[in-house]
Amino acid sequence: MLRRLLLVPVLLALFAVPAQAHGADVRFLTTFVVPKGLVVGGTTVGGISGLDYDRRTKKWILISDDRVAPRFYEGRLDREAVEFTAVRSLLGPGGPYAPGTVDPEDVRVDKWTGDLLWSQEGDRTPTTLIDPSVQFSRKDGSFRQALPTPDALKMKPESGPRQNQAFEGLTFALNGTLVVTALEGPLLQDGPPATEAKGATSRVVVQTRTGRPVAQYRYQQEPLFAPDASTGVTAILEKSPGVYLTLERSYSPTLGNKVRLFEYRPLQNKKRLLADIGQFTKPDNLEGMAWGPDGTLWLVSDDNFSPTQVTQFIALALR
């Protein structure tokens, strides 16, 4: 029955299943930090919220969530260091985006065409509502095509995503035929944010690569780990057909970041804890996740262009 339901738009109304305990599924390999103030192509490297490896060019793509100058970097990444080699602006249908109109979050390389698929969170303020979106760009950053945003996920006065809690994670699935996005937090119509007693319910959205709706799934997030914390899903990545990795990042001003890696099976409504990143190293604001060419799992942090945060890379091996 669940396979049949996948063929139509649906939000699976299943009971929340707490994350199960993890075993020795993850092995720590290395971590390093980008020097502060690094300048590439006249831009300061920062705000890296997503990354992916391009097997055609053998380069990494790293997207910056600079709302004033949305862009992506090309570079090289291995277990020794990262090198940023070029930077390109992300353009809209009519040219450069007006400052503040897009908020890039995640990026994937389309193995069919070599184009880039990237997500952006839109905006919600007392005077502005900008819908989140997923779109294709060419390798030079020029606009190619936007996927339609499902109506329930559009910014409306009484419904839709909360501010800065929309399309945070993005992955291709089923050999590039599907596009899967993870919302960082719950929609206004899906309930309240997380508390220490109960996690929030967000959504994972599945579309075809042309934008046709396929399914929407409930995703049960973990409760807050501290009374002053905030939390959300920051990345999603296909592991195998029907199986995904998700990254939940929580932040407490008094305790810092807590980041956990899960295995998520939407059709079975199951989520399994693989690792608390803090058991390996002190995590910063981890937001991006991608497979390397050798099967290494890479994580990257968004420093928010803040002097107190860093651009951190972490390499893991999964069993």
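The structure presented is a predicted model; accordingly, all values stated were derived computationally and were not measured.
For the atom pair NZ of K156 and CG of L188, the computed distance is 12.0 Å after rounding to the nearest 0.5 Å. To the nearest 0.5 Å, atoms CG (D131) and CZ (F167) are separated by 9.0 Å. Remark: F28 CZ to L316 CG distance equals 7.5 Å, nearest 0.5 Å. Taken from CZ in F313 to CG in L62, the straight-line distance is 5.0 Å, to the nearest 0.5 Å. Interatomic distance, F136 CZ to S142 OG, rounded to the nearest 0.5 Å: 13.5 Å. Note that OG of S306 and CG of N285 are 10.0 Å apart. Values are rounded to the nearest 0.5 Å.
Residues P293 and W60 share a closest heavy-atom pair of CD-CZ2, 4.1 Å. Minimum heavy-atom separation, I130 to M155: O-CG, 3.1 Å. The minimum heavy-atom distance linking P132 with P161 is given by the pair CG-CG, 4.1 Å. Contact between T231 and A194 at its shortest, heavy atoms only, is CG2-CB, 3.8 Å. The two residues D66 and P104 make their nearest non-hydrogen contact at O-CD, 4.4 Å. Scanning both residues, P70 and V102, for their nearest heavy atoms gives CG-CG2, 3.7 Å.
Ion pair D190/R218 not flagged as a salt bridge, since none of the NZ, NE, NH1 or NH2 atoms sits closer than 4.0 Å to an Asp/Glu carboxylate oxygen. Classification of R265 and E263 as a salt-bridged pair holds, one side-chain N sitting under 4.0 Å from a carboxylate O. The pair E74-K59 meets the salt-bridge criterion, with a side-chain N (NZ, NE, NH1 or NH2) lying under 4.0 Å from an Asp/Glu carboxylate O. Here R88 does not pair with D140 in a salt bridge; the nearest charged N to carboxylate O distance is not below 4.0 Å. In this structure, R67 pairs ionically with D123, as a charged nitrogen and a carboxylate oxygen lie closer than 4.0 Å. Using a cut-off of 4.0 Å between Lys/Arg side-chain N and Asp/Glu carboxylate O, D52 and R108 are scored as salt-bridged.
A donor-acceptor contact closer than 3.5 angstrom links the side chains of T57 and D54. For the residue pair K282 / N257, no side-chain donor-acceptor distance below 3.5 Å is found, with atom types taken as modelled. In summary, the side chains of E105 and S119 do not present any donor paired with an acceptor at a separation below 3.5 Å, with no hydrogens or angles considered. Between Q309 and N304, the side chains place a donor N or O and an acceptor N or O closer than 3.5 Å (distance only, hydrogens not considered). The closest side-chain donor-acceptor pair between T296 and D294 falls under 3.5 angstrom.
Considering R56, R144, R138 in turn, R144 is the only one that fulfils the salt bridge (Lys or Arg N to Asp or Glu O under 4.0 Å) rule with D115. With S202 as the fixed residue, the side-chain hydrogen bond (donor to acceptor under 3.5 Å, both in side chains) test singles out one of E248, E184, Q221: Q221.
Atom NZ of K198 sits in a sparse spot, with 12 or fewer heavy atoms from other residues, nucleotides or ligands closer than 6.0 Å. More than 12 non-hydrogen atoms from other residues, nucleotides or ligands lie less than 6.0 angstrom from CD of Q189.
In this structure, V205 and L153 have side chains that are in contact, with non-hydrogen atoms separated by less than 4.5 Å. Residues F172 and L117 are in side-chain contact: their nearest non-hydrogen atoms beyond the backbone lie under 4.5 Å apart. Contact of the L318 side chain with the W291 side chain is registered, since non-hydrogen atoms from C-beta on lie closer than 4.5 Å. Counting heavy atoms from C-beta outward, K36 and P307 have side chains that stay 4.5 Å or more apart. When side chains are defined from C-beta on, L90 does not count as touching F143, because their heavy atoms never get closer than 4.5 Å. Here the side chains of L261 and L245 are in contact, with some heavy-atom distance below 4.5 Å. When side chains are defined from C-beta on, F280 does not count as touching I314, because their heavy atoms never get closer than 4.5 Å.
Checked by atom type and distance alone, the side chain of T177 pairs as donor or acceptor with a backbone atom of L174 at under 3.5 Å. Of the possible polar contacts, none joining the T311 side chain to the G46 backbone as a donor-acceptor pair under 3.5 Å is found.
Under the side-chain hydrogen bond (donor to acceptor under 3.5 Å, both in side chains) criterion, D228 pairs with S252, T254, sequence neighbours left out. The side-chain contact (heavy atoms from CB on, under 4.5 Å) check on P186 picks up R162, Q165, A200, with sequence neighbours excluded.
Residue pairs meeting the ring-ring contact (aromatic ring centres under 6.0 Å, His included) criterion with at least one member in residues 81-116, sequence neighbours excluded, are Y73-F84.
At least one cation-pi condition fails for K271 and Y264: the charged atom is not both under 6.0 angstrom from the six-membered ring centre and inside a 45 degree cone around its axis.
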